[in-house]
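Reviewing the structure listed below.
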Amino acid sequence: MMAVPASTPADLPVLELRGIHTVIGQHHILQGVDLTVHPGRVTVLLGRNGAGKTTTLMTVMGLTPSSRGDLRFQGRSLAGLPPHRIARLGIGYVPEDRALLSSLTVRENLLLGVTGDRGGEQAALARCQELFPELTAFMDRSAAHLSGGQRQMVAIARAVAGDKPLLLVDEPSKGLAPAVVRRLGDLLRQLARTRAVLLVEQNLELALAVGDTYCILDAGRSVASGQMADLAADMATQRRYLGITHAT
């Protein structure tokens, strides 16, 4: 049986952002982001290119620290914490470029995601293979020789290897074939059974298929949020903030 990570009670958020501002160099990227992520759900962060979605994930991880606002994980403030300490608190991060080390094998890449004592490495690898049976066939293959879909699976498996209660995933469907995207959607739903997932995704079809709740960013601000089922029927919001047009 797959271990269930320690989690926040379902009625309490795993992640909370309130009035988050982030400045990178001379650019004021995030200008008031409000977001709540609950356990057992996929929350999708939507918006046009340049809206601040990737910066939001990087701000949670401490890679682009916020300049204002309140950012909390399981009730604990993340203000001032470096990225490695944030990761060790229990947040897995899958960046858009997947960030695998091509010189390492799949097994070695997965072990980079294990936190805590080294005695748990074999258990973590077993969990990864239980979640992603496809990995078993190429555990000792160099990451440089994987397909795009295989690389994405390894990146996600690495992020959850340490039984983290929150998973941040940035544009996982980018560049993947439709069949692989469908498999990816199934995996995200499966992962959400035992943790919270915050997903950045431009593919609205995938977002609607896997998401429970959503938050839309526009010019660095939160402008709409709610249940994904409601967004599916809200053509006006889709047109205004996502640029989605529908045939009449």
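The shown structure was predicted, so the numbers you read here are calculated from the model rather than taken from an experiment.
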List the atom of [X], the atom of [Y], and the distance in Å for their closest heavy-atom pair.
| X | Y | answer |
| --- | --- | --- |
| Arg183 | Leu131 | NH2-O, 4.1 Å |
| Glu201 | Pro172 | OE1-CD, 3.2 Å |
| Asp34 | Gly19 | OD1-N, 2.8 Å |
| Ile20 | Gly69 | CD1-C, 3.8 Å |
| Gly185 | Leu206 | CA-CD1, 3.7 Å |
| Arg151 | Ser102 | NH1-OG, 4.0 Å |

So, [X] side chain and [Y] main chain: donor-acceptor pair closer than 3.5 Å or not?
| X | Y | value |
| --- | --- | --- |
| Gln152 | Ser173 | no |
| His28 | Leu30 | yes |
| Gln129 | Leu135 | no |
| Arg141 | Val106 | no |
| Arg48 | Tyr241 | yes |

A quick test of your reading: do over 12 heavy atoms of other residues, nucleotides or ligands sit less than 6.0 Å from [atom1] of [X]?
| X | atom1 | result |
| --- | --- | --- |
| His27 | NE2 | no |
| His145 | NE2 | no |
| Glu205 | CD | no |

| request: Report the C-alpha distance between Ile156 and Leu184 in whole Å, list the side-chain angles of each, state the deciding distance to 0.1 Å, and finish with yes or no for side-chain contact (heavy atoms from CB on, under 4.5 Å). | output: CA-CA 10 Å; Ile156 294 173; Leu184 177 63; 3.4 Å; yes
Within a strict 4.5 Å, meaning less than it, do heavy atoms of the [X] and [Y] side chains meet?
| X | Y | result |
| --- | --- | --- |
| Thr59 | Val33 | no |
| Met153 | Leu146 | no |
| Glu171 | Val200 | yes |
| Leu166 | Gln74 | no |
| Val14 | Phe73 | yes |

| Going only through I, L, V, M, F, W and Y residues with side-chain contacts under 4.5 Å, is there a path from Val23 to Leu71? |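 No; tracing contacts between hydrophobic side chains, which count when under 4.5 Å, never links both residues.
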Say you draw a straight line from [atom1] of [X] to [atom2] of [Y]; how long is it, rounded to the nearest 0.5 Å?
| X | Y | atom1 | atom2 | answer |
| --- | --- | --- | --- | --- |
| Thr43 | Leu168 | OG1 | CG | 11.0 Å |
| Leu231 | Cys215 | CG | SG | 11.0 Å |
| Arg107 | Cys128 | CZ | SG | 11.0 Å |
| Gln31 | Ser67 | CD | OG | 10.0 Å |
| Met58 | Ile24 | CE | CD1 | 6.0 Å |
| Leu110 | Arg158 | CG | CZ | 8.5 Å |

| task | In sequence, state the C-alpha distance, the side-chain angles, and the governing distance for Leu101 and Leu112, and then conclude on side-chain contact (heavy atoms from CB on, under 4.5 Å). | result | CA-CA 10 Å; Leu101 297 181; Leu112 293 176; 3.7 Å; yes
| said: So if I apply the side-chain contact (heavy atoms from CB on, under 4.5 Å) rule between Val42 and each of Leu191, Val169, Asp212, which one comes out positive? | reply: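 Result: among Leu191, Val169, Asp212, Asp212 is the only option passing the side-chain contact (heavy atoms from CB on, under 4.5 Å) with Val42.
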| task | Enumerate the residue pairs fulfilling salt bridge (charged side-chain N to carboxylate O under 4.0 Å, His left out) with a member in residues 214-231, sequence neighbours excluded, ordered by first and then second residue. | result |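 Every candidate salt bridge (charged side-chain N to carboxylate O under 4.0 Å, His left out) pair involving residues 214-231 fails, so no pair, neighbours aside, qualifies.
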| said: Filter on salt bridge (charged side-chain N to carboxylate O under 4.0 Å, His left out), then keep only pairs touching residues 64-86, sequence neighbours left out; what's left? | reply: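 Pairs touching residues 64-86 that pass the test: Asp70-Arg72.
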| message | Apply side-chain contact (heavy atoms from CB on, under 4.5 Å) to residues Leu217 and Ser222 and explain how you reach the verdict. | response | CA-CA 5 Å; Leu217 300 187; Ser222 302; 3.7 Å; yes
| query | Can a donor-acceptor pair be found between the side chains of Thr54 and Asp170 at a distance below 3.5 Å? | reply |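 Yes, a side-chain donor-acceptor pair sits under 3.5 Å.
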| When you look at Arg239 and Asp234, which way does the salt bridge (Lys or Arg N to Asp or Glu O under 4.0 Å) test go after all the steps? | CA-CA 9 Å; Arg239 281 195 301 271; Asp234 189 346; over 6 Å; no
| request: Kindly determine whether Leu208 and Met228 satisfy side-chain contact (heavy atoms from CB on, under 4.5 Å), including the steps that lead there. | output: CA-CA 6 Å; Leu208 292 172; Met228 187 60 79; 3.5 Å; yes
| query | How far apart are the C-alpha atoms of Thr64 and Thr22, what are their side-chain angles, what is the distance that settles it, and do they pass the side chain to side chain donor-acceptor pair (under 3.5 Å) test? | reply | CA-CA 7 Å; Thr64 54; Thr22 298; 5.1 Å; no
